[in-house]
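Data first, discussion second: the structure below is written as structure tokens.
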Amino acid sequence: MKVKEILDKAYSEHHLTKDEIKFLLNSEGEEKELLFAYADRVRKEYVGDDVYLRGLIEFSSYCKNDCFYCGLRRSNREAQRYRMQEDEIVEVAKRAYDMGYRTVVLQSGEDPYYTKDKVCSIIKKIKKEVDVAITLSIGERSYEEYKAFREAGADRYLMRFETSNRELYQKYHPGMSFENRIECLRWIKSLGYELGTGFLIGLPGQTIDDLANDILLVYELDSDMIGIGPFIPHPHTPLKDTEAGSVDLTLKCISILRLLMPDSNIPATTALGTLDPLGRQKGLKCGANIVMPNVNDLKYKLKYELYPGKICINEDATKCRGCIESIIISLGRKVGQGFGQSRHYELKKAVYN
Ligand code: SAM
Ligand code: SF4
Ligand code: FES
């Protein structure tokens, strides 16, 4: 198998076998650079040079789950917990709008304090005040809740399946079920949300075979947005003494997914920027077209510690807004205007309607 042949096939068919994906995941040197170059070309042809910004509002650091890798897990007694109140969340959304953001991402631990009615009320208030797309990233809920959030005005939903390896899933997510997570993702899709999903790269015990399956699962779920990032060990979790995921492998996953899903949105994640000071730039150069800067106050940013060393933790939201724009311009790209809806979603909708 030659990398060039596989890449030419991916370029024209947007389809690869598992073995071909594994071959690309193992590529090194010039072959790896060729993979990145193909992905960058496909990104340019399908989604253009615009990089869309999403204003991330992490509104609660409480979580009822106990994911082994995450600093917000309920067993982490040292985690600092906070909950933002409705009006405060709406104020931050307004501020994000004033800074030029046209999408806000409402993210939290799985926190039942925010009942169906509370979440609906937050969505409606934001929609009344500012013309932004709303992405929710608040974990697993019932079908009725997802339906109510959608009816209240939520546009998108982001929830990674984290790993497609069931054994690893059960091991690292006590009390949770892989089947339920996938069912939630299917409900979300069926309710007409723009669906975002993805996985962690470098979980201890994860193999190249697992990553190939992860990529295929994102494809099968027909994701409109693809959130993938390296695992970073947190000192107050059971995985504290393990190694972080690889930046290179993350970039390869981004590239392969761009080839397979040319018109989906793919962020260059904060975790990638945390492991490598140029991580986000590298991601944007091999297929990514989205960045999600945090727009919260510093007092909250510091407390939402999924992993240590997070970038921008001491930077004010206005500074990040300027900084990210200069990064984008330095790459010869530009900040996208408008909602930046996934083209994948847009095209599918046009076919169905
Ligand atoms: N609670 C919701 C959920 O789990 O879907 C949303 C918030 S959760 C903090 C968002 C993402 O953070 C997760 O999907 C997970 O992949 C990522 N994350 C958590 N701990 C991490 C770590 N130690 N390193 C890298 N990413 C991590
Ligand atoms: Fe909670 Fe999400 Fe962290 Fe898991 S990843 S502990 S669900 S915040
Ligand atoms: Fe936050 Fe650069 S994006 S300081």
Side-chain angles (χ1 to χ4, degrees), residues 51 53 55-76 79 81 99 105-112 114 135-141 157-163 169 172-176 181 184-185 188 196-204 214 226-240 242-245 247 250 267-275 277-281 291-296 298 301 303-328 330:
V51 177
L53 304 182
L56 180 61
I57 307 175
E58 299 160 334
F59 66 90
S60 164
S61 65
Y62 282 85
C63 188
K64 69 177 168 63
N65 291 336
D66 221 11
C67 308
F68 268 38
Y69 42 81
C70 180
L72 300 189
R73 69 197 303 266
R74 68 163 187 268
S75 301
N76 180 9
R81 310 289 178 178
M99 280 190 267
V105 181
L106 303 179
Q107 191 182 83
S108 67
E110 277 197 23
D111 185 358
Y114 297 89
T135 304
L136 294 179
S137 177
I138 59 176
E140 295 175 29
R141 297 274 180 145
Y157 208 100
L158 200 54
M159 186 166 69
R160 295 176 176 175
F161 55 78
E162 317 291 2
T163 173
Y169 190 92
Y172 293 145
H173 302 92
M176 295 171 77
R181 201 150 182 98
C184 286
L185 291 172
I188 291 165
T197 192
F199 51 92
L200 277 166
I201 290 140
L203 278 175
D214 291 344
I226 304 165
I228 58 177
F231 153 70
I232 304 174
H234 187 291
H236 302 132
T237 64
L239 299 182
K240 62 179 191 300
T242 61
E243 261 183 51
V247 169
T250 306
T269 57
T270 305
L272 190 57
T274 298
L275 278 189
L278 291 177
R280 287 178 301 178
Q281 286 88 328
V291 188
M292 292 170 57
N294 193 311
V295 289
N296 246 353
L298 289 181
K301 272 191 184 187
K303 293 182 180 164
Y304 198 84
E305 199 194 48
L306 313 180
Y307 47 81
K310 224 177 180 188
I311 45 167
C312 305
I313 208 93
N314 291 309
E315 316 302 335
D316 157 82
T318 345
K319 171 150 185 243
C320 284
R321 178 63 181 78
C323 169
I324 205 70
E325 180 148 2
S326 29
I327 288 177
I328 291 167
S330 75

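Since we're looking at a predicted model, the values are computed, not measured. For ligands, and for the atoms within them, numbers begin at 1 and follow the listed sequence.
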### Message
Which residue and atom name correspond to the protein heavy atom nearest atom 4 (S) of ligand 3, and how close is it?
### Response
Glu315 CG, 3.4 Å
### Query
At a 4.0 Å threshold, what atoms of ligand 2 neighbour a non-hydrogen atom of Cys67?
4 (Fe), 5 (S), 6 (S), 7 (S)
### Query
Would you say Tyr304 contacts ligand 1, with heavy atoms under 4.0 Å as the rule?
yes
### Message
Under 4.0 Å, counting heavy atoms only: does Gly245 come that close to any atom of ligand 1?
### Response
no
### Query
Which bit of Pro230 is near ligand 1, meaning a heavy atom under 4.0 Å away: side chain, backbone, both or neither?
backbone
### Protein heavy atom under 4.0 Å of atom 2 (Fe) of ligand 2
no
### Query
By number and element, which atoms of ligand 1 are closer than 4.0 Å to a non-hydrogen atom of Cys70?
19 (C), 20 (N)
### Message
Distance under 4.0 Å to a non-hydrogen atom of Cys312: what atoms of ligand 3 satisfy this?
### Response
1 (Fe), 3 (S), 4 (S)
## Note on the structure
for atom 27 (C) of ligand 1, nearest protein heavy atom and its distance come out as Leu200 CD2, 4.0 Å
### Message
Could you measure the distance from the CD1 atom of Ile138 to the CD atom of Glu110? Nearest 0.5 Å is fine.
### Response
8.5 Å
### Message
Is the contact between Cys63 and ligand 1 made by the side chain, the backbone, both, or neither, using heavy atoms and a 4.0 Å cut-off?
### Response
neither
### Query
What heavy-atom pair brings Ala271 and Ile232 nearest, and what distance separates the two atoms?
O-CD1, 3.7 Å
### Query
Given that the side chain starts at C-beta and the backbone is N, CA, C, O, which of these parts of Arg181 lies under 4.0 Å from ligand 1, counting heavy atoms, or is it both or neither?
side chain
#### Entry: Between Gln107 and Tyr304: side-chain donor-acceptor atoms closer than 3.5 Å
yes
### Query
For Arg74 and Cys63, what are the C-alpha separation, side-chain angles and deciding distance, and is it a side chain to side chain contact (heavy atoms under 4.5 Å, CB included)?
CA-CA 6 Å; Arg74 68 163 187 268; Cys63 188; 5.7 Å; no
### Task
Taking all heavy atoms of Met176 and all of Asn65, pick out the closest pair and write down the distance.
CE-ND2, 3.5 Å
### Task
Start with the C-alpha distance between Val105 and Glu58, add both sets of side-chain angles, then the distance that settles side chain to side chain contact (heavy atoms under 4.5 Å, CB included), and finish with yes or no.
CA-CA 8 Å; Val105 181; Glu58 299 160 334; over 6 Å; no
## Note on the structure
Under 4.0 Å between heavy atoms, the region of Phe161 that gets near ligand 1 turns out to be neither
### Where Pro233 and Thr242 come nearest, the two heavy atoms and their spacing
CG-O, 3.2 Å
### Side chain Arg160, main chain Leu200, donor-acceptor under 3.5 Å
no
### Query
So, do His234 and Phe68 have ring centers that fall under 6.0 Å from each other?
no
### Query
What protein heavy atom is closest to atom 10 (C) of ligand 1, reported as residue, atom name and distance in Å?
Gln107 NE2, 3.8 Å
### Task
Note the single closest protein heavy atom to atom 7 (C) of ligand 1, along with its residue, its atom name and the distance in Å.
Ser108 O, 3.4 Å
## Note on the structure
ligand 2 atoms nearer than 4.0 angstrom to some heavy atom of Asn65 are 7 (S)
### Query
If you count the atoms of ligand 3 from 1 in the order shown, which ones are under 4.0 Å from a heavy atom of Cys323?
2 (Fe), 3 (S), 4 (S)
### Task
Answer whether the closest heavy-atom distance between the side chains of Thr270 and Ile311 falls below 4.5 Å.
yes
### Query
Where is the tightest heavy-atom contact between Tyr157 and Gly139, given as atom of each residue plus distance?
OH-O, 2.7 Å
#### Entry: Protein contact for atom 5 (O) of ligand 1 (heavy atom, distance under 4.0 Å)
yes
### Task
For ligand 1, find out whether one of its N or O atoms is nearer than 3.5 Å to an N or O atom of Glu162.
yes
### Query
Which one holds for Leu306 and ligand 1: side chain close, backbone close, both close, or neither close, with close meaning a heavy atom under 4.0 Å?
both
### Message
If you define the side chain from C-beta out and look only at heavy atoms, does anything of Lys301 sit under 4.5 Å from Cys320?
### Response
yes
### Message
For a 4.5 angstrom cut-off between non-hydrogen side-chain atoms, does Leu53 reach Met99?
### Response
no
## Note on the structure
A student checking ligand 1 against Ser137 at a 4.0 Å heavy-atom cut-off should list atoms 6 (C)
### Query
Within less than 2.8 Å of atom 1 (Fe) of ligand 2, any N, O or S from Cys70?
no
### Query
Can you check side chain to side chain contact (heavy atoms under 4.5 Å, CB included) on Thr250 and Val247, steps first, answer last?
CA-CA 5 Å; Thr250 306; Val247 169; 5.5 Å; no
### Task
Give the atoms of ligand 2, by number and element, whose distance to some non-hydrogen atom of Cys63 is under 4.0 Å.
1 (Fe), 6 (S), 7 (S), 8 (S)
### Query
If we only count N/O pairs under 3.5 Å, is Ile232 in contact with ligand 1?
yes
### Task
Check step by step if side chain to side chain contact (heavy atoms under 4.5 Å, CB included) holds for Thr274 and Tyr307.
CA-CA 9 Å; Thr274 298; Tyr307 47 81; 3.7 Å; yes
### Task
Please identify which atoms of ligand 2 are closer than 4.0 Å to at least one heavy atom of Gly109.
8 (S)
### Message
So that I can tick it off, tell me whether Arg181 and Glu140 are bridged by a salt bridge, with the cut-off set at under 4.0 angstrom between side-chain N and carboxylate O.
### Response
yes
### Task
Ignoring angles and geometry beyond distance, decide whether His234 reaches within less than 3.5 Å of ligand 1 through its nitrogen or oxygen atoms.
no
### Task
Determine whether the side chain, the backbone, both or neither of Arg160 has a heavy atom under 4.0 Å from any heavy atom of ligand 1.
side chain
#### Entry: Atoms of ligand 1 close to Tyr69 [distance to a heavy atom under 4.0 angstrom, numbered from 1]
19 (C), 20 (N), 21 (C), 22 (C), 23 (N)
### Task
Report, in ascending order of atom number, the atoms of ligand 1 lying under 4.0 Å from any heavy atom of Phe231.
24 (N), 25 (C)
